[in-house]
Each structure stands twice: as C-alpha cells, then as structure tokens.
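To start, the structure under review is shown below, and the notes come after it.
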Protein chains: 2
Amino acid sequence: MTRIPAAERRAALIDAALRVVSRHGLAQATTRAIVAEAGMSLASFHYAFASRDELVDELITTVVGREQQAVLPDLIPGQTLHEIVEAGLLRYFEHLRSDPEHEQAMLELTQYALRSPERHPLAAAQYAKYIELAARSLELGAEIAGASWTVPVERVARVLVAFTDGLTLTWLVDRDDDAARAVAAAAADALTRMADTR
Amino acid sequence: MTRIPAAERRAALIDAALRVVSRHGLAQATTRAIVAEAGMSLASFHYAFASRDELVDELITTVVGREQQAVLPDLIPGQTLHEIVEAGLLRYFEHLRSDPEHEQAMLELTQYALRSPERHPLAAAQYAKYIELAARSLELGAEIAGASWTVPVERVARVLVAFTDGLTLTWLVDRDDDAARAVAAAAADALTRMADTR
DNA sequence: GTCTATACACCGATAGAC
DNA sequence: GTCTATCGGTGTATAGAC
C-alpha cells in the first residue's frame with residue numbers, strides 16, 4: 001500500500017465508517033469492519049485515530065453537518081408560505097426515502113452521543129446547527145412569500161426540526177408514505193400559523 | 001438461591017434489563033450486567049432465555065406496551081378540543097421530563113429492532129399499538145369537546161405519534177423545556193385543524 | 001435447578017518485522 | 001509508515017459439580 005497523508009486516511013476511514021454504520025448500525029461498526037470497508041489494514045486505523053471513540057466523535061461532528069442543504073426548498077416566487085414550507089418538508093421526505101439508512105445512521109449517532117455526558121454537547125451542537133439552518137430557510141421562505149414570522153424564527157425552526165425528526169422516526173418504522181405526507185402537511189399548517197401571511 | 005419458576009425469573013430479568021438499558025444504554029446491557037442487576041448468576045440467564053436476543057425481543061414486545069396510559073389527558077367537560085389535545089401532549093411531556101432515561105431506552109429499543117429484518121415487525125407492531133391508543137384518546141377527546149374529526153382518526157393519531165416522537169428526540173438533545181412546550185402547542189394547533197370544532 | 005468454572009469468538013489496541 | 005501477528009479483555013454461551 002502506498003503512503004497516504006494522515007488527513008486523507010482519516011477522511012477515508014470516516015467515509016467508510018459512515019457506510020458501515022448506515023448498512024449495519026453503529027454496534028456493528030467495529031474497527032475491523034471499518035478498515036475492511038476502507039480497504040486498509042487494522043493497524044492503519046490506530047495510525048490515523050487514537051481510538052475508536054475518537055473516530056466516532058469525528059463522525060458525529062463532521063458528517064452530520066454535510067448534506068444539510070438537502071432540506072432547502074425551491075423558492076419559487078408567487079408561492080404561498082404554506083406551499084413553500086410544505087414543499088421543503090416534502091423535499092426532505094424524498095431525501096429520507098432515497099437514503100433511509102443514512103438518516104437511521106444519523107439517529108443512531110445522536111442517540112449514542114446522548115449516552116455519555118462528555119459527548120452530549122456534540123449532539124446538542126449538531127441540533128443547534130440544524131435549527132440555525134432551518135431558521136435561515138424559514139426567513140428566506142417568508143421573504144419570498146411576503147410574510148413575516150410572528151414568533152422568533154429560531155423558535156419556529158426548533159418546532160420544524162422536531163416535526164422533521166418525528167416524521168423520520170415514524171416513517172422508518174412503518175414506511176407509510178401517505179401518513180408521512182400527512183405529517184408534512186400538518187406540520188406546514190402548524191408552522192404557517194406562526195406567521196402573518198399577509 | 002431458592003427455586004424460582006421460570007416465568008417469574010424471565011420477568012425479573014426483563015425488569016432488570018429495562019433498568020440497565022435505561023441507565024446505561026442497550027449496548028451496555030450485557031448478559032452479565034443484566035444478571036448482576038437482577039441479583040442472579042450468569043448461568044440462570046440462559047436457563048430462562050435461550051439467548052440475549054430472545055430477551056431483547058421480549059423486552060421490546062412487553063415493556064413498550066406497559067405504561068401507554070400515561071398520555072391520556074384529563075378529560076374535563078367544557079374544555080375545547082384544542083385544550084384537551086394540548087393538555088394531553090403536555091402530560092406526556094411531563095412524563096418524559098420525569099423519566100427521560102426510560103423514553104431514551106424506548107427509542108434505542110425501537111432503533112435496534114429496525115436494524116434487522118426479522119425484528120422490524122416488532123417495532124411496527126408497537127407503533128401500531130401506539131397509534132391505536134392515540135386514536136382512542138383522540139376520539140374520546142372529540143366526544144367530550146363536542147367536535148368531530150374530519151380526517152380518519154387513525155390518520156390524526158399517526159400524526160400525533162410523529163409529533164410526540166419529534167418532541168421527545170429534540171428535548172432529549174437540548175433539554176429546552178420552553179421549546180418543547182412550543183412544539184406541543186404547535187402540534188395541538190395542527191391536530192385540531194383536522195377536526196370540525198363546532 | 002442452581003451454581004462455579006470455563007470454552008470460544010471477537011473486540012480494541014499494540015509490538016515488532018520490514 | 002505499513003504491514004502481520006498477537007495481547008489482554010470482555011462478550012455470549014455452556015459444561016459439569018452439587
């Protein structure tokens with residue numbers, strides 16, 4: 001095997017780890033399974049990371065922050081705020097349907113972080129980012145629709161994130177597409193009522 | 001140790017397992033940890049259960065179905081449907097606040113079940129029970145308030161369960177009580193709009 | 001039936017040859 | 001730096017004494 005910079009090796013292992021977690025769950029993401037997925041030897045793992053925990057921590061902080069833009073709706077002028085919000089939720093749902101294992105992996109990583117006091121802040125920081133991104137999208141949506149939020153937008157965003165999590169978890173369990181779309185519609189209703197839609 | 005019927009021993013191990021999962025997570029709920037919690041020897045475990053998986057399966061099917069009544073609101077005549085629904089959600093939230101580890105354990109068990117095809121139906125069956133219970137509560141609430149659901153009540157219940165899950169997960173992460181209550185209020189809004197409130 | 005002692009697999013992590 | 005080989009520890013499960 002040729003020589004590979006440490007940073008690159010770390011990135012490759014992170015990618016491999018995410019694939020393993022998505023496919024088989026965090027419990028099955030052993031160092032051996034991860035290096036096999038990455039096509040490396042076992043010893044290279046501890047050359048790049050001090051421990052498995054170090055990799056999992058980095059997995060939580062880096063990977064969760066990647067494809068956040070998937071939730072951004074198409075912002076088409078002329079749409080009502082309700083239409084914009086619902087379209088954003090449905091776009092997220094299509095993302096979930098296209099790669100359910102990935103969202104399941106995210107949930108597992110979050111729950112893992114919640115289990116140890118020193119890792120809990122990692123999960124909290126990620127959710128803070130989610131809320132921030134959601135808030136920006138909601139602001140943009142209101143601007144396009146000519147509406148304005150009557151509740152602090154961060155609070156609206158927090159509700160949106162909660163609704164999204166609930167949609168995800170229940171759909172992962174029952175795979176009921178129609179029910180999930182009903183959740184999206186109800187959520188759009190609730191959120192739009194937090195705005196003055198002019 | 002005195003002789004104990006197998007059924008009783010199974011029940012004691014199930015209880016002990018739930019306590020261990022709540023305190024330390026499913027990954028830490030090893031056979032050794034469970035029998036230590038139950039005050040038994042390691043061999044008694046495999047006298048009562050063929051395998052650890054068998055215990056976890058029973059944990060999912062039995063324990064999840066126990067305290068479902070916690071969500072039932074006080075049904076006070078004279079309240080509006082919105083008040084009844086929101087009170088039910090807030091009652092659930094107080095239950096969550098009083099024993100967050102238990103709800104976290106439930107989430108972990110659900111996610112574990114989702115990871116293997118043969119266990120997925122266990123999670124689906126539990127959620128079906130949740131939805132059924134929620135539907136009955138919603139019917140009762142509408143009756144008391146003199147309202148009627150304009151959407152099939154099972155569909156309303158499915159949305160309620162999704163909102164509850166989202167409230168749970170986000171609160172477990174950020175422990176923001178006010179934000180959780182805002183989610184409950186928004187959810188009550190969305191649900192009430194699925195009814196003709198007279 | 002219930003225990004202690006143990007088998008066996010697999011885990012994270014490291015030693016040491018190259 | 002990168003590998004193979006291995007260590008120490010812990011997991012599930014079982015054998016065998018009582």
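Below, read A as the first sequence line, B as the second, and so on, with proteins coming before strands; counting in each chain starts at 1.
- Qualifying ring pair (Phe, Tyr, Trp, His ring centres under 6.0 Å) partners for A/Phe49, counting only residues two or more places apart in sequence or in other chains: A/Phe45.
- Rounded to whole angstrom, the span from the CE atom of A/Met40 across to the C1' atom of D/dG1 amounts to 13 Å.
- Once rounded to the nearest 0.5 Å, the distance linking CG of B/Asp99 with OG of B/Ser22 reads 6.5 Å.
- In the region residues 16-28 of chain B, proximity to DNA chain D at under 4.0 angstrom, judged on heavy atoms, holds for none of the residues.
- For B/Glu94, the salt bridge (Lys or Arg N to Asp or Glu O under 4.0 Å) test picks out B/Arg97, B/Arg181, with sequence neighbours left out.
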Extract from the structure each pairing of a protein N or O with an N or O of nucleotides 13-18 of chain D at less than 3.5 Å, listing the distance.
residue: D/dA13; atom: OP2; partner: B/Arg52; partner atom: N; Å: 2.9

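- Within the structure, the salt bridge (Lys or Arg N to Asp or Glu O under 4.0 Å) test picks out the following pairs touching residues 144-172 of chain A (sequence neighbours left out): A/Arg158-B/Asp174.
- For A/Arg10, the salt bridge (Lys or Arg N to Asp or Glu O under 4.0 Å) partners are A/Glu54, A/Glu58, not counting sequence neighbours.
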Identify every side-chain donor-acceptor pair in residues 145-152 of chain A under 3.5 Å, counting partners at least two apart or on other chains, and give the distances.
residue: A/Trp149; atom: NE1; partner: A/Leu138; partner atom: O; Å: 2.9
residue: A/Thr150; atom: OG1; partner: A/Met194; partner atom: O; Å: 2.9

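- For B/Thr30, no side-chain nitrogen or oxygen approaches OP1 or OP2 of D/dT10 to under 4.0 Å.
- The OH-C1' distance, from A/Tyr47 to D/dT2, rounds to 9 Å in whole Å.
- Listed by chain and residue number, A/Phe93 satisfy the ring pair (Phe, Tyr, Trp, His ring centres under 6.0 Å) test with A/Trp171 (two or more places apart in sequence, or in another chain).
- Remark: C1' of D/dG11 and CD1 of B/Ile34 are 12 Å apart, rounded to the nearest angstrom.
- Sorted by first and then second residue, the ring-ring contact (aromatic ring centres under 6.0 Å, His included) pairs with a member in residues 5-33 of chain A form an empty list; sequence neighbours excluded.
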